[in-house]
Amino acid sequence: MTYITKPRLHHPTLTKNAVGYTRRDYEGKISTLCAGCGHDSISAAIVQACWELDIAPHRVAKLSGIGCSSKTPDYFLGASHGFNTVHGRMPSVLTGANLANRELLYLGVSGDGDSASIGLGQFAHAMRRGVRMVYIVENNGVYGLTKGQFSATADRGSRAKKGAVNADAAVDLIGMALQLGATYVARGFSGDKGQLVPLIKGAIGHGGAAFLDVISPCVAFNNHEGSTKSYDYVREHNEAVNRVDFIDLAPEVKAEPEPGGVITLAQPDGSLMRLRKLHPEYDPTDRVAAMNHVQAHQARGEVVTGLLYVDGHARDLHAALKTSLKPLNVLAEGDLCPGKAVLDQINASLR
Ligand SMILES: Cc1ncc(C[n+]2csc(CCOP(=O)(O)OP(=O)(O)O)c2C)c(N)n1
Ligand code: SF4
Ligand SMILES: [Mg+2]
């Protein structure tokens, strides 16, 4: 048994959001992950973000691969659509589902092994195609589920629990996402929910490929001295570039420039995001500057967090392919078969 069902007892006085759901309605089964696993904190942040954004659970499709991280969709949004795919194949299954029905909100949950090792090609193509999704990698630098082997995001020189030193260079998913054209790129830490919840909310409101690398310590296999993915290491080396103070979903509010290092960014869904700059020189709308900043700090062993890059005019794969506005399963015969005259016209244009 890999999960335990939660009792559905609701106290009648629980606060409901604008679409009539309590926070409990966004939870899933009881987690069977190790106590203290960072992945559980990310699940809690997803629950909070969706509840606060008044997203009806049936509007969400959550997909994952294989790993402790990929098990987590069972522990949140129990009333949403879900598909636990094959190791490293979440992006292609999600892309297919997304193309068939653009009305759902797609949440892809993956691990560093799932996305940076076996699924690296899948990750790359989802980013470069601009598949509209919230892609979360719960990054602990190890294969947690198979008992702690180094994953491809483990830093060179970092030490495994039993002392082995990692000789390989790390795959930098943030650098890759930036280079491949993702239009919302952020890094969070499972131990900082105050930063993570707004980053997830921003990704949900985004109109293209939104990538979130969340450092999520594995307490069983990678939380010791010498690891660069432990709670202590990330707390000591965290360098936040900004703080998303809040996301205002009232589109009528005008985006006014604010004094004191606050910038307001319009999101494709009409919401507004306010970023409080912690590094005055950091510009999250400049892709090249973001790459340089992250690389420079990474070279010093710092873990840069915050909203690293955002393009407020993102276009997604549907725009590029000019796909149907309606989900494929509601297209009627008239939509699919436009008649002889239209067919003749298409054939003539190809002669
Ligand atoms: C095709 C295939 N290869 C290998 C495995 C074995 N396997 C299961 S989970 C996993 C790695 C998971 O690591 P990660 O994605 O980082 O998730 P974590 O458990 O650390 O959250 C591997 C190699 C598998 N299930 N399927
Ligand atoms: S093995 Fe690691 S990643 Fe898996 S549940 Fe335990 S702490 Fe989390
Ligand atoms: Mg992992």
Side-chain angles (χ1 to χ4, degrees), residues 1-4 28-46 62-76 82-94 107-124 126 135-156 158-162 164 166 168 170-174 176-177 187-191 193 196 211-235 303:
M1 187 171 182
T2 58
Y3 61 79
I4 305 159
K29 294 175 181 127
I30 294 173
S31 170
T32 57
L33 301 186
C34 307
C37 175
H39 300 350
D40 279 334
S41 308
I42 303 173
S43 298
I46 293 170
K62 42 180 188 155
L63 292 95
S64 60
I66 299 290
C68 298
S69 37
S70 291
K71 282 170 67 178
T72 64
D74 230 13
Y75 312 139
F76 60 79
F83 197 146
N84 186 204
T85 73
V86 180
H87 198 20
R89 270 62 167 190
M90 175 275 287
S92 56
V93 178
L94 188 150
L107 183 55
V109 176
S110 183
D112 42 308
D114 199 60
S115 280
S117 298
I118 193 168
L120 191 60
Q122 298 246 336
F123 162 78
Y135 192 138
I136 299 180
V137 167
E138 304 190 345
N139 190 351
N140 52 19
V142 289
Y143 299 165
L145 192 72
T146 53
K147 309 228 174 290
Q149 303 86 347
F150 284 125
S151 82
T153 66
D155 288 307
R156 178 178 269 160
S158 60
R159 270 196 307 108
K161 199 173 172 185
K162 292 204 170 155
N166 179 34
D168 301 333
V171 167
D172 170 19
L173 291 172
I174 287 285
M176 287 187 72
R187 187 186 278 129
F189 171 42
S190 65
K193 202 170 166 199
L196 185 56
F211 175 65
L212 267 111
D213 177 39
V214 185
I215 309 295
S216 176
C218 169
V219 289
F221 301 110
N222 207 13
N223 196 33
H224 48 270
E225 211 185 319
S227 159
T228 57
K229 300 280 192 286
S230 65
Y231 281 110
D232 283 350
Y233 185 91
V234 180
R235 285 200 179 108
V303 184

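Positions are given from 1 along the sequence. Both counts, for ligands and for their atoms, begin at 1 and track the order of listing. Note that the structure is predicted; figures quoted are calculated from it, not measured.
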Would you say I118 and ligand 1 have an N/O pair spaced under 3.5 Å apart?
no
Exactly one candidate in S190, S230, C37 meets side chain to side chain contact (heavy atoms under 4.5 Å, CB included) with P217; the answer is S190
Looking only at protein heavy atoms, what sits closest to atom 8 (Fe) of ligand 2 is C37 SG, 2.4 Å
Specify the protein heavy atom at minimum distance from atom 7 (N) of ligand 1: its residue, its atom name, and the distance to 0.1 Å.
T146 CG2, 3.6 Å
Using a 3.5 Å cut-off on N or O atoms only, is D114 in polar contact with ligand 1?
yes
Using 0.5 Å steps for rounding, measure from the CZ atom of F76 to the OG atom of S43.
5.5 Å
Would you say ligand 1 has an N or O under 3.5 Å from any N or O of S69?
yes
Using only atom types and a distance under 3.5 Å, with no angle test, would you say the side chain of S216 pairs donor to acceptor with the backbone of H39?
yes
For ligand 2, which atoms sit closer than 4.0 Å to a heavy atom of L33?
5 (S)
What heavy-atom pair brings A154 and G141 nearest, and what distance separates the two atoms?
CB-O, 3.6 Å
Option among S69, S64, S115 that satisfies the side chain to side chain contact (heavy atoms under 4.5 Å, CB included) test with E138:
S69
Which protein non-hydrogen atom lies closest to atom 13 (O) of ligand 1, naming both residue and atom, and how far is it?
Y143 CA, 3.4 Å
I66 heavy atoms within 4.0 Å reach ligand 1 at atoms 8 (C), 9 (S), 12 (C), 15 (O), 25 (N)
Look only at the side chain of K229 and the backbone of T153, and say whether a donor-acceptor pair between them is shorter than 3.5 Å.
yes
Measure the CG-OG distance between N222 and S158 for me, rounded to the nearest 0.5 Å.
7.0 Å
For atom 6 (Fe) of ligand 2, what's the nearest protein heavy-atom neighbour? Residue, atom name and distance, please.
C34 SG, 2.3 Å
Atom 4 (C) of ligand 1: closest protein heavy atom, distance to 0.1 Å, is H87 CD2, 3.6 Å
Hey, is the main chain of D112 close enough, under 3.5 Å, to the side chain of N139 for a donor-acceptor pair?
no
As an exercise, identify every atom of ligand 1 less than 4.0 angstrom from a heavy atom of V142.
16 (O), 20 (O)
G67, any N or O under 3.5 Å of ligand 1 N or O:
no
Give yes or no for whether the N/O distance cutoff of 3.5 Å, strictly under, is met between S151 and ligand 1.
no
Without swapping roles, check the side chain of R89 against the backbone of H87 for a donor-acceptor pair under 3.5 Å.
yes
Could you check atom 7 (S) of ligand 2 against the protein and tell me its nearest heavy-atom contact, residue, atom and distance included?
V219 N, 3.3 Å
Students should be able to answer this: which protein heavy-atom is nearest to atom 14 (P) of ligand 1, and at what distance?
G113 N, 3.4 Å
Atom 3 (S) of ligand 2: closest protein heavy atom, distance to 0.1 Å, is N140 ND2, 3.5 Å
Can you tell me if Q122 uses its side chain to pair, donor with acceptor, with the backbone of S92 under 3.5 Å?
yes
Contact region, N222 to ligand 2, non-hydrogen atoms below 4.0 Å, reads neither
With atoms numbered from 1 as shown, which atoms in ligand 2 lie under 4.0 angstrom from a non-hydrogen atom of A220?
1 (S), 7 (S)
Within the 4.0 Å heavy-atom shell around F221, which atoms of ligand 2 are there?
1 (S)
Identified side chain to side chain contact (heavy atoms under 4.5 Å, CB included) partner of I42 from the options L212, V109, I136:
I136
Test your reading of the model: is there a side-chain donor-acceptor pair from K161 to the backbone of A220, 3.5 Å cut-off?
yes
Nearest heavy-atom pair of G148 and V142: which atoms, and what distance?
O-CG1, 3.9 Å
N, O or S of C68 under 2.8 Å from atom 2 (Fe) of ligand 2:
no
For H39, state whether at least one heavy atom is located under 4.0 Å from any atom of ligand 1.
yes
With a cut-off of 2.8 Å, does C218 place any N/O/S atom under that distance from atom 6 (Fe) of ligand 2?
no
For G144, the atoms of ligand 1 under 4.0 Å from one of its heavy atoms are 18 (P), 19 (O), 20 (O)
Under-4.0 Å heavy-atom contact with ligand 2, by part of K147 that carries it
neither
Rounded distance [0.5 Å steps], OG1 in T72 versus NZ in K62
9.0 Å
